[in-house]
Amino acid sequence: MLDRKFIVENSDLVKKNCQNRNAPADVDRFVALEEQRKSLQSTLDEANRKANETAKSIGKAPADQREVLKEEGRKIRDEAAGIQKQLDEIGAEADVIVRSIPNMSHAAAPVGVDDKANLELFRGKTPIPQFDFKPLDHVELGEKLDLIDFEGGGRVAGHGFYFLKNDAVLLEMALQRYALDVLLKEQFTPTTTPDLARNEILHGIGFIPRGPETQIYSVDGTDLSLVATAEITLGGLYSGQTVDADELPLKLCGISHCFRTEAGAAGRASRGLYRVHQFTKIEMFAYTLPGESDDMLEYLRDMECRIFDGLGIPFRVVDTATGDLGGPAYRKYDLEAWMPGRNEYGEVTSTSNCTDYQSRRLNIRYRVKGEKGTRLVHTLNGTAIALSRGMIAVMENYQQADGSILVPEVLRAWMGKDRIEAKK
RNA sequence: GGAUGGGUGGCAGAGUGGACUAUUGCGUCGGUCUUGAAAACCGAAGUGGGUGAAAGCUCACCGGGGGUUCGAAUCCCUCCCCAUCCGCCA
């Protein structure tokens, strides 16, 4: 969430930003509530001061005056409780609004209400492949080569689930191992993370568990939800913590399963592995000083390019328009890989600078040696590789006329073979 | 899942209803001394909010939330976490 004081002092900027981001939020109402809240808080502070004073005087007072003072104390506390109740009500209403206000946007982010305004920045090193046969999509390839069982997935868990089989299992692991290797060389701290997290953490990252439109599976009878990305767990990892400034930046990567209900996604391009309820992903996550997050975003984007250039997969880099940013992001780049089966680009990674939007609610701070007080860190996240979509890109771009799939050079050592053979 | 003991400032660790304005030690910062440092000694220093030009004043915070009380680190309820033991399991 944004800083309350910032919203009050810059309400015009915030309103303009909400407009650019296609995010309806009653900023004026928030400002009015915030002013009421401040004034009530002062009144409450004063009442508490009097109550404290009275309470302290009782210990020292002669016995015959105590009852009078106690009565006085009770009266003040009653008053304070009334004010507190009003304050809670105003606070709750203001809270709903402040949560609906998105992060501010980078000055260079393209302005537009939806993804049509997204801006292509540049393309990767690998050209789009020209086939002298009609390329198949990954669903057909998966069936022909006995690599993916959607039917079995449906039988066990329903539509949107799948079994990977045979060389697809090796390919998935090779992709993981390859991407992890790239990150290790860059001194990312590797982790495997919980696949569930407390709802409080989900909220802090900007996800809303439960509710009609939720993307999140929550576990009945607990305050836990299945994570939609390791961004949730890696961001939660430092919740409530204060780190020394000289430990920053922290670069982590986390391997987790990702679970998404994909509510409201029916009918959209979602064939095969493209939009599924469960997949595995390696996520990068960084905590930085505020002055360093812009550079870190470029760095994370560069890591994504390196990973996909290394795989020899054609892609383009897109600067996300304000209206398509999502609440926490200040700026976001997506990599879209060429998918011959769709004959178009499809999103494979996404990296965002969330500035202090997440750290404010998660209360993640840093301390500068010798300076008083603490400040909020900036958080960033980026996909190293989402295995489901990564596999689509590899399978479709590397398919051969004879029906086999060539294994990208960088994966051969991890896979132990250079080709996924066509079935006889 | 059960039992027991715990959670207090950067760290360690005292504090069982009013002098807590949270003892003490370590570490940190400033000073004295010193060519410089160490040691010793003196002093300062928590986090977040409100107000103020500032000094300051003030509110909240002792794992989270709630309660009892004029008054809670302390008592009660609840949740979370940690340790140890038991059970179960991979």
Side-chain angles (χ1 to χ4, degrees), chain A residues 1-9 30-92 94-95 98 192-204 209-210 218-225 227 232-233 236-248 250 257 287 290 356-377:
Chain A
M1 59 183 179
L2 288 180
D3 181 22
R4 288 159 182 271
K5 204 194 278 180
F6 177 87
I7 300 172
V8 170
E9 287 170 1
F30 176 81
V31 171
L33 287 169
E34 190 62 6
E35 258 142 38
Q36 277 182 59
R37 190 187 67 77
K38 272 167 76 168
S39 128
L40 273 175
Q41 186 68 56
S42 297
T43 314
L44 178 65
D45 283 358
E46 178 57 18
N48 280 337
R49 193 192 59 76
K50 274 196 276 184
N52 288 342
E53 200 176 71
T54 307
K56 269 180 200 160
S57 71
I58 290 177
K60 297 173 192 138
D64 61 330
Q65 285 176 22
R66 289 192 178 185
E67 280 313 316
V68 180
L69 286 169
K70 280 190 191 180
E71 186 48 45
E72 173 79 13
R74 265 192 289 272
K75 225 183 87 195
I76 301 170
R77 285 295 183 202
D78 279 352
E79 256 172 60
I83 300 166
Q84 183 71 61
K85 193 165 167 265
Q86 285 181 63
L87 204 53
D88 288 346
E89 282 164 14
I90 289 171
D95 209 49
V98 79
T192 62
T193 91
D195 285 340
L196 289 93
R198 292 180 202 288
N199 291 333
E200 190 191 331
I201 301 287
L202 289 258
H203 272 122
R210 308 187 203 271
S218 47
V219 181
D220 234 14
T222 73
D223 67 341
L224 294 172
S225 294
V227 299
I232 292 166
T233 45
L237 185 59
Y238 280 86
S239 62
Q241 306 293 301
T242 302
V243 300
D244 286 334
D246 49 24
E247 288 174 49
L248 297 172
L250 291 168
H257 293 118
Y287 297 91
D356 58 6
Y357 194 86
Q358 296 175 325
S359 61
R360 180 168 294 106
R361 197 174 306 157
L362 291 169
N363 196 24
I364 308 174
R365 298 174 164 273
Y366 70 92
R367 187 194 317 279
V368 178
K369 243 192 167 69
E371 274 182 27
K372 214 174 142 58
T374 59
R375 292 161 158 255
L376 295 165
V377 301

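Residue numbering restarts at 1 for every chain, and letters A, B, ... go by the order of the sequence lines. These figures come from a predicted structure and were not determined experimentally.
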Would you measure the distance from the [atom1] atom in [N] across to the matching atom in [M] and give it in whole Å?
N	M	atom1	answer
B/A22	B/C33	C1'	33 Å
B/C70	B/G56	P	35 Å
B/C77	B/U68	C1'	10 Å
B/G46	B/U8	C1'	12 Å
B/C61	B/A73	P	7 Å
B/G52	B/C57	C1'	9 Å
B/U74	B/C62	C1'	10 Å

Classify [X] by what it touches in the nucleic acid, base, sugar-phosphate, or nothing, heavy-atom distance under 4.0 Å.
X	result
A/R66	nothing
A/K5	sugar-phosphate
A/G373	sugar-phosphate
A/S42	sugar-phosphate

Partner lookup for [N], please. Criteria are Watson-Crick or G-U wobble with both distances under 3.5 angstrom; report none if nothing qualifies.
N	result
B/G36	none
B/G71	none
B/C85	B/G2
B/C41	B/G31
B/U47	B/A60

Q. Does A/E71 come within less than 4.0 Å of A/K75, counting only side-chain N to carboxylate O?
A.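 No salt bridge links A/E71 with A/K75.
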
Q: Give a yes or no on whether a salt bridge exists between A/K50 and A/E53, defined as a side-chain N under 4.0 angstrom from a carboxylate O.
A: no

Under 4.0 Å: is that the gap between some side-chain N or O of [X] and OP1 or OP2 of [N]?
X	N	value
A/R367	B/U28	no
A/N52	B/A60	yes
A/T374	B/G48	yes
A/R198	B/C81	yes

Q. If you count the non-hydrogen atoms of other residues, nucleotides and ligands that lie under 6.0 Å from CZ in A/R375, is the total more than 12?
A.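 Count not over threshold, so no.
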
Q) Got a sec: does the CD of A/E200 have more than 12 other heavy atoms crowding it under 6.0 Å? A)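 At most 12 heavy atoms, drawn from other residues, nucleotides or ligands, come within 6.0 Å of this atom.
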
Q) Do A/Y238 and A/V377 come within less than 4.5 Å of each other through their side chains, counting heavy atoms only? A) no

Q.
Quick check on RNA chain B: between A/R77 and A/K56, whose nearest nucleotide comes earlier from the 5' end?
A. A/K56

Q: Could you say whether A/L44 or A/A55 is positioned toward the 5' end of RNA chain B, judged by the nucleotide with the nearest heavy atom to each?
A: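 With A/L44 and A/A55 compared, the 5'-side residue is A/A55.
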
Mind calculating the distance between [atom1] ([X]) and [atom2] ([N]) to the nearest angstrom?
X	N	atom1	atom2	answer
A/R375	B/G49	CZ	P	11 Å
A/N199	B/G64	CG	C1'	15 Å
A/K50	B/G71	NZ	C1'	17 Å
A/I201	B/C81	CD1	P	12 Å
A/L40	B/U51	CG	C1'	17 Å
A/Y366	B/G10	OH	P	17 Å
A/Q41	B/A60	CD	P	10 Å
A/E79	B/C59	CD	C1'	16 Å

Q: Could you please spell out the steps behind the side-chain contact (heavy atoms from CB on, under 4.5 Å) verdict for A/R365 and A/V243?
A: CA-CA 6 Å; A/R365 298 174 164 273; A/V243 300; over 6 Å; no

Quick one: which of [options] gets closest to the side chain of [X]?
X	options	answer
A/I58	B/G10, B/G50, B/C70	B/C70
A/N48	B/G18, B/G50, B/A60	B/A60
A/D45	B/C59, B/U69, B/G48	B/C59
A/K38	B/G50, B/G49, B/C70	B/G50
A/R49	B/U69, B/U58, B/G18	B/U58

Q.
Looking at A/R361 and A/H203, would you say the former's side chain and the latter's main chain have a donor-acceptor pair under 3.5 Å?
A.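 Yes; judged by distance alone, with no hydrogens or angles, the pair exists.
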
Q. Taking all non-hydrogen atoms of both residues, which atom of A/P290 and which atom of A/L376 are closest, and how far apart?
A. CG-O, 3.8 Å

